[in-house]
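Beneath this line is the structure, given in structure tokens, with notes to follow.
Positions are given from 1, in the same order as the sequence printed here.
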Amino acid sequence: MSDMNEKINPLLQIDTGFRSYLNAYTRSYQNHMVDGSLDYAFESDFAVRQKIMGLGGSSKLFKAVNSQDISAEAKHLFMKCNQVGPLKYPDIYDIVKKCAERLELIVPIVFIREDMDRALAYSIASDIIEPCIVLSKQLVDMCSVDELTLLIGCECGRIQNNHCTFNMAYTYLNVNKYVFRPIERSFNQTVSSQLFSALAQWVKYADVTANRAGMICLDKPGRYLDIMCGLYGKGYVDFFGRSQQGIDFTQLSAKAEKIHSSASRSLKVEDELSDIERFLLAAGEFLYCETLYSWRRDVEDIEGHAESGQICDVRTNVIIGNGGQL
């Protein structure tokens, strides 16, 4: 009798193993993986990170960052900062849930830091630390819902694409005085010129990947340029210490349309554009990419015939200023 029940009881056919549970819990973004990276990720981001990991001195730097800096940062957050939840900062919690849902990601822990005198969003994660997004209280007070959605979406993208350790390693370059400084800095050696150059180069490409994630999270991805220009207009300074006030959205939007109307083989970008303006135009090219609409099937294609991810990356490389070369 028991043998018969096993054959006909459908509940017994359900796989209750831990790995099946884990696969369900982590959602389905594995369907968007291509050759080891997410389909929305900028190809130069992944390629340069692979290059960095092979450079002399990188292993010691990343070991210090992973084992000490990030751990110290996490300890400070859990002890001193407010954690976002359904009862505390519920509006932000709803934004985080929406971003995680759209990127098919486990909802990360989010902290609000009140011990910081600048408007900043950043993320930390490592092999031993659960992914966390950090928002300064000043940023929360300064930003609209759309601006917070974009910034939180960008940080979700950094977590999803394993940027966090590289971001923290960048703080050792001392590029400018506004670069984020972690609670603890445990690496005392000099960063080699080759590693310095590669990390500085990578940041441009990582920004493109992160901002593509932010676009996926926006209710209206087409407002990306408008929202970013508004943020910089308010005096926003990013994790890497970069800022630029006075970006004219109308002019930049016109440049974006002109650039996109140019064929890839004849694509040119004005030399006088700032690094931030060039980066915004490069990231904005994703609005015309079919990959965006594969993540957001509820959003109508901006042109009705989006370009492939490969073409989008080629054009982005040219716009960002490396001529399509890694």
Side-chain angles (χ1 to χ4, degrees), residues 14-43 45-46 49 84-86 90-111 121-127 129-135 145-146 148-167 205-224 227 283 286-302 306 308-310 312-313 316:
I14 297 175
D15 185 355
T16 58
F18 177 72
R19 183 157 297 280
S20 297
Y21 159 77
L22 191 63
N23 288 337
Y25 184 55
T26 54
R27 310 290 290 279
S28 60
Y29 78 76
Q30 293 298 325
N31 296 328
H32 291 278
M33 297 294 291
V34 179
D35 296 330
S37 72
L38 282 156
D39 56 3
Y40 74 78
F42 185 31
E43 62 176 355
D45 164 17
F46 183 74
R49 271 187 288 141
V84 169
D91 294 344
I92 296 177
Y93 184 67
D94 288 341
I95 293 173
V96 175
K97 285 200 304 179
K98 178 169 64 176
C99 290
E101 180 180 354
R102 286 177 173 170
L103 288 172
E104 302 180 12
L105 182 72
I106 298 173
V107 179
I109 298 169
V110 179
F111 291 100
Y122 67 98
S123 49
I124 62 168
S126 74
D127 294 339
I129 300 297
E130 193 169 348
C132 305
I133 294 175
V134 185
L135 309 173
V145 171
D146 284 339
L148 281 174
T149 301
L150 178 55
L151 292 177
I152 291 171
C154 288
E155 295 309 319
C156 285
R158 294 190 188 279
I159 289 171
Q160 197 172 36
N161 289 276
N162 304 311
H163 286 181
C164 302
T165 303
F166 291 84
N167 288 343
Y205 309 144
D207 277 342
V208 173
T209 294
N211 279 261
R212 287 177 176 182
M215 277 182 244
I216 290 171
C217 294
L218 285 173
D219 290 338
K220 297 180 179 179
R223 290 201 59 229
Y224 166 75
I227 293 169
F286 189 59
L287 291 171
Y288 304 95
C289 180
E290 64 185 13
T291 305
L292 169 61
Y293 304 100
S294 73
W295 284 85
R296 291 293 306 280
R297 299 190 182 280
D298 60 315
V299 175
E300 186 176 351
D301 179 355
I302 200 168
S308 70
Q310 186 176 17
C312 180
D313 279 352
T316 301

- [ ] Write down the atom of Gly153, the atom of Ala213, and the distance for their closest heavy-atom approach.
- [x] O-CB, 3.6 Å
Task: Heavy-atom check, side chain of Ile133 versus side chain of Ile152, under 4.5 Å - done: yes
TODO: Identify the heavy atoms of Arg296 and Pro221 that sit nearest to each other, and give their distance.
DONE: NH1-CG, 4.3 Å
- [ ] Ignoring hydrogens and angles, state whether a donor on the side chain of Thr209 or Asp45 is under 3.5 Å from an acceptor on the partner side chain.
- [x] yes
Open item on the list: With rounding to the nearest 0.5 angstrom, report the SG to CE distance, Cys154 to Met215.
Closed with: 8.0 Å
Open item on the list: If you apply the rule side-chain contact (heavy atoms from CB on, under 4.5 Å), what do you find for Cys312 with Arg212, and how did you get there?
Closed with: CA-CA 12 Å; Cys312 180; Arg212 287 177 176 182; 3.6 Å; yes
- [ ] Measure across Asn211 and Ala283 and return the closest heavy-atom pair with its distance rounded to 0.1 Å.
- [x] CB-CB, 4.1 Å
- [ ] Carefully, step by step, assess Val134 and Ser123 under the rule side-chain contact (heavy atoms from CB on, under 4.5 Å).
- [x] CA-CA 6 Å; Val134 185; Ser123 49; over 6 Å; no
Open item on the list: Can you give me the closest heavy-atom contact between Cys132 and Phe111, atom names plus distance?
Closed with: SG-CE1, 3.8 Å
Open item on the list: Assess the residue pair Lys98 and Cys217 against the criterion (side-chain contact (heavy atoms from CB on, under 4.5 Å)); give the C-alpha distance rounded to whole Å, side-chain angles, the decisive distance to 0.1 Å, and a yes or no.
Closed with: CA-CA 7 Å; Lys98 178 169 64 176; Cys217 294; over 6 Å; no
- [ ] For residues Ile216 and Phe286, determine if any side-chain heavy atom of one lies less than 4.5 Å from a side-chain heavy atom of the other.
- [x] yes
Open item on the list: side-chain contact (heavy atoms from CB on, under 4.5 Å) for Val84 and Leu135? Distances and angles first, verdict last.
Closed with: CA-CA 10 Å; Val84 169; Leu135 309 173; 5.7 Å; no
Task: Side-chain heavy-atom pair Arg49, Ser37 within 4.5 angstrom cut-off - done: no
TODO: Rounded to the nearest 0.5 Å, what's the gap from SG on Cys156 to CD on Glu101? Could you check?
DONE: 12.0 Å
Task: Heavy-atom side-chain proximity of Leu148 to Leu150 below 4.5 angstrom - done: no
TODO: Nearest 0.5 Å please: distance from the CD1 atom of Ile109 over to the CD atom of Glu130.
DONE: 4.0 Å
Task: Close side-chain approach of Val145 and Asp91, heavy atoms under 4.5 Å - done: no
Open item on the list: To check you understand the geometry: which heavy-atom pair defines the closest contact between Leu103 and Trp295, and what is its length?
Closed with: O-CZ3, 3.5 Å
TODO: Quick one: closest heavy-atom pair of Asp313 and Phe42, and the distance?
DONE: OD1-CD1, 3.4 Å
Task: Donor-acceptor pair between Tyr122 and Asn167 side chains, under 3.5 angstrom - done: no
TODO: Identify whether the distance between the nearest side-chain nitrogen and carboxylate oxygen of Arg158 and Glu155 falls below 4.0 Å.
DONE: yes
Open item on the list: For a 4.5 angstrom cut-off between non-hydrogen side-chain atoms, does Lys220 reach Asp146?
Closed with: no
Open item on the list: If the test is side chain to side chain donor-acceptor pair (under 3.5 Å), which one of Asp219, Asp298, Thr149 qualifies with Arg102?
Closed with: Asp219
